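All values derive from a computational prediction rather than experimental measurement. By convention in this document, chain letters (A, B, ...) are assigned in the order of the sequence lines, proteins followed by strands, and residues within each chain are numbered from 1.
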There are 2 protein chains.
Amino acid sequence: MGVKRKTKSVKKLLKIFGQTNSAISAVKLAEDLHQEMNKTTVYRILERLEDEGTLHSFIGKDGLKWYANNEKDSAPYHSFAHPHFQCKSCGKTECLTMDIDIPPVPKYKIDSIKLLFIGECDDCAS
Amino acid sequence: MGVKRKTKSVKKLLKIFGQTNSAISAVKLAEDLHQEMNKTTVYRILERLEDEGTLHSFIGKDGLKWYANNEKDSAPYHSFAHPHFQCKSCGKTECLTMDIDIPPVPKYKIDSIKLLFIGECDDCAS
DNA sequence: AATTTAATGCACCTTAGTTGCAATAACAAA
DNA sequence: TTTGTTATTGCAACTAAGGTGCATTAAATT
Ligand SMILES: [Mn+2]
Ligand SMILES: [Mn+2]
Ligand SMILES: [Zn+2]
Ligand SMILES: [Zn+2]
């Protein structure tokens, strides 16, 4: 179920995601906010914001969970994937704006596609 | 570094991967083999087999690490991705045989691509 | 057989994420 | 505004994946 009450903690997280397009790991959020709310609260709010469609999540290259804004007009799965990029040097992780066209997979009923590009970002490539 | 000695434990794992094309999670292997070797040994052998190119690994939808055979002729990253499928009902996880063509990503230097299809397998879709 | 050292077992650790429950605070009704 | 309902939070304890240090074992080589 989604968020039912605009608590201080919910507002705080919404503000953070309102200020960036980058993905942020749950771990980082729990760390950064640990003076303002319990880590359990962070995890629970993220879950609720994802449920209601405000955020979306994915698993990064190291198995950590990352969250980012959901584009309002993001449709469910057609035949394209919303890709993420993760820098193996600095860890920066982003939603890519392009949608990647994925050909149909024979034999399986596909619900969603996770597409993760791993490489080096601008800053680290120099 | 890769495997230097064909120990009993190494042979056991090689035999297992010699008998299937499915991916197997490290957790499952450690469980199944826990009478025959320590879980630490399982994790270390998997790491070495991946280092030497015998196996490859990826992170599944729940953040677990999965291993599967490496096709001998698998090139590094050109512009295609080796996709995996994971059934959200029964957890079955497989390497797909097709290579998916991925268009170049502007702005980033990409080293590898992780492509995970999540859906329902034949058995679970009925 | 003796030597070398890669590989293993074990005990312990680290970290991400979850759970149960009592206390708190949105929010709506009175 | 006060009161009542219950969503949300904090806390402490827990689970599970995976990793580490080190003494011991066992491949492989001489
Ligand atoms: Mn995204
Ligand atoms: Mn594979
Ligand atoms: Zn970077
Ligand atoms: Zn299935």
Inset, instruction - Enter the distance from Leu49(B):CG to Glu47(B):CD here, rounded to the nearest 0.5 Å. - result: 10.5 Å

Tell me whether [X] contacts the main-chain N or O of [Y] through its side chain, where contact means a donor paired with an acceptor under 3.5 Å.
X        : Y        : answer
Asn38(A) : Thr40(A) : yes
Asp51(B) : Met1(B)  : yes
Gln86(B) : Lys61(B) : yes

Inset, instruction - On DNA chain C, reading 5' to 3', which nucleotide is the first and which the last to sit with an atom under 4.0 Å from a heavy atom of chain B, could you check? - result: dT5(C) to dA11(C)

Inset, instruction - With sequence neighbours excluded, give me every ring-ring contact (aromatic ring centres under 6.0 Å, His included) pair touching residues 4-56 of chain A. - result: His56(A)-His82(A), His56(A)-His84(A)

Inset, instruction - Can you tell me which residue pairs pass the side-chain hydrogen bond (donor to acceptor under 3.5 Å, both in side chains) test with a partner in residues 19-33 of chain A, sequence neighbours excluded? - result: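 Listed by first then second residue: Lys28(A)-Asp32(A).
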
Inset, instruction - Tell me whether the centres of the aromatic rings in Tyr108(A) and Phe85(B) are closer together than 6.0 Å. - result: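 Yes; Phe85(B) has its ring centre under 6.0 Å from that of Tyr108(A).
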
Legend entry - Contact under 4.0 Å: Tyr43(B) side-chain N or O vs dG18(D) OP1/OP2: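 Answer yes for this pair, as a side-chain N or O of Tyr43(B) is under 4.0 Å from OP1 or OP2.
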
Inset, instruction - Starting at atom CH2 of Trp66(B), determine the distance to atom C1' of dA17(D), rounded to an integer number of angstrom. - result: 14 Å

Inset, instruction - Whole angstrom is fine here: how far is it from NZ in Lys11(B) over to P in dA27(D)? - result: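 Interatomic distance, NZ of Lys11(B) to P of dA27(D): 7 Å.
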
Inset, instruction - Might you point out which heavy atoms bring Phe80(B) and Ile113(B) nearest each other, and give the distance in Å? - result: O-CD1, 4.5 Å

Inset, instruction - List the protein contact pattern of nucleotides 5-11 of chain D with one symbol per nucleotide (5' to 3'): B for base contact, S for sugar-phosphate-only contact, - for none; contact means a heavy-atom distance under 4.0 Å. - result: -BBSBBB

Inset, instruction - Run the salt-bridge test on Lys88(A) and Glu120(A) with the 4.0 Å N-O cut-off and return the result as yes or no. - result: no

Inset, instruction - Could you pull out all residues at least two apart from Thr54(A) that satisfy side chain to side chain donor-acceptor pair (under 3.5 Å)? - result: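 If we apply the side chain to side chain donor-acceptor pair (under 3.5 Å) test to Thr54(A), skipping adjacent residues, the hits are Glu52(A).
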
Legend entry - Terminal axes of the helix from dA1(C)-dT30(D) to dA30(C)-dT1(D) (five pairs each): angle between them, nearest 10 degrees: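 The angle separating the two end axes equals 30°.
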
